K.L.:
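Provided herewith is a single structure, encoded as structure tokens, for subsequent inquiry.
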Amino acid sequence: MREAVMKKQSQIYTSEFVEQPHFELKFKKMGISFQYKNLMPPAGIGTVYPHLRVVDNWGILTVDKGALLSSDWTKVNVSIPLTITKEKIAGDGWTLELNSNYTIRKDIFDNNFYVTKMN
């Protein structure tokens, strides 16, 4: 029974953080902290951390409802943004305090969101 529940949750995470449109934040100079309990490694694509805090050049990401950290530790994926302001972007269970020289963009081909540095 537990295996079936974990398999279903893995499928949900893969769909939310990989297959469906999502917000991808690539690391530049990352500092990270997280809790070790309830980690989920869906299908070899990384590990989902229920609670996570990332500080990088682009700002501070705080996650309380799951984020996918890539297996090579180069990026983190969260669900799509629901609220976007100049300084704060938020989605279901996460918040990004965006530094002033960064912005986010939506790719018209894959519908994913990315953080970019402004010139």
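Here the structure is a predicted model, which is why all the values come from computation and not from measurement. By convention here, the first residue in the shown sequence is residue 1.
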K.L.:
Can you give me the closest heavy-atom contact between Phe34 and His51, atom names plus distance?
P.N.:
CB-O, 3.5 Å
K.L.:
Quick one: closest heavy-atom pair of Arg53 and Val55, and the distance?
P.N.:
NH1-CG2, 3.5 Å
K.L.:
For the pair Ser15 (side chain) and Glu19 (backbone), establish whether a donor and an acceptor sit closer than 3.5 Å, ignoring hydrogens and angles.
P.N.:
no
K.L.:
Give the minimum heavy-atom separation between Asp92 and Lys65, together with the two atoms involved.
P.N.:
OD1-NZ, 3.0 Å
K.L.:
Between Leu25 and Val54, is there a side-chain heavy-atom distance shorter than 4.5 Å?
P.N.:
no
K.L.:
When rounded to the nearest 0.5 angstrom, what is the spacing between OG1 in Thr103 and NZ in Lys86?
P.N.:
9.5 Å
K.L.:
With side chain to side chain contact (heavy atoms under 4.5 Å, CB included) as the test, would you mind laying out the steps for His22 and Val78 before giving the verdict?
P.N.:
CA-CA 6 Å; His22 54 272; Val78 292; over 6 Å; no
K.L.:
Which pair of heavy atoms, one from Phe23 and one from Ile89, lies closest together, and at what distance?
P.N.:
CE2-CG2, 4.3 Å
K.L.:
Just wondering, do Ile32 and Leu69 contact through their side chains at under 4.5 Å, heavy atoms?
P.N.:
yes
K.L.:
Can you tell if the side chain of Leu39 reaches within under 4.5 Å of the side chain of Pro50, non-hydrogen atoms only?
P.N.:
yes
K.L.:
Given Phe17, which partner from the list Val48, Ile45, Ile12 fulfils the side-chain contact (heavy atoms from CB on, under 4.5 Å) test?
P.N.:
Val48
K.L.:
Which heavy-atom pair separates Pro81 from Ile104 by the least distance, and what is that distance?
P.N.:
CG-CD1, 4.2 Å
K.L.:
Show your working on side chain to side chain contact (heavy atoms under 4.5 Å, CB included) between Leu98 and Val115 and close with a plain yes or no.
P.N.:
CA-CA 9 Å; Leu98 194 63; Val115 66; 3.8 Å; yes
K.L.:
Between Asn99 and Asp56, which heavy-atom pair has the shortest distance, and what is it?
P.N.:
ND2-O, 4.0 Å
K.L.:
Assess whether side chain to side chain contact (heavy atoms under 4.5 Å, CB included) is satisfied between Asn101 and Lys117, documenting all intermediate values.
P.N.:
CA-CA 6 Å; Asn101 54 339; Lys117 188 172 183 176; 3.7 Å; yes
K.L.:
Working to the nearest 0.5 angstrom, can you tell me the gap between Glu24 CD and Leu68 CG?
P.N.:
9.5 Å
K.L.:
Is there a side-chain contact between Asp107 and Phe113 in this structure, where contact means two heavy atoms from C-beta onward sitting under 4.5 Å apart?
P.N.:
no
K.L.:
Rounded to the nearest 0.5 Å, how far does OH of Tyr114 lie from CZ of Arg105?
P.N.:
6.5 Å
K.L.:
Are Thr62 and Trp94 close enough, and set up right, to give a side-chain hydrogen bond (donor to acceptor under 3.5 Å, both in side chains), and what steps lead you there?
P.N.:
CA-CA 6 Å; Thr62 305; Trp94 62 268; over 6 Å; no
K.L.:
How many angstroms lie between atom CH2 of Trp73 and atom CE of Met30, to the nearest 0.5 angstrom?
P.N.:
6.0 Å
K.L.:
Find the distance between NZ (Lys28) and OH (Tyr102) and round it off to the nearest 0.5 Å.
P.N.:
7.5 Å
K.L.:
Measure the spacing between OG of Ser100 and CD of Glu87 and express it to the nearest 0.5 Å.
P.N.:
8.5 Å
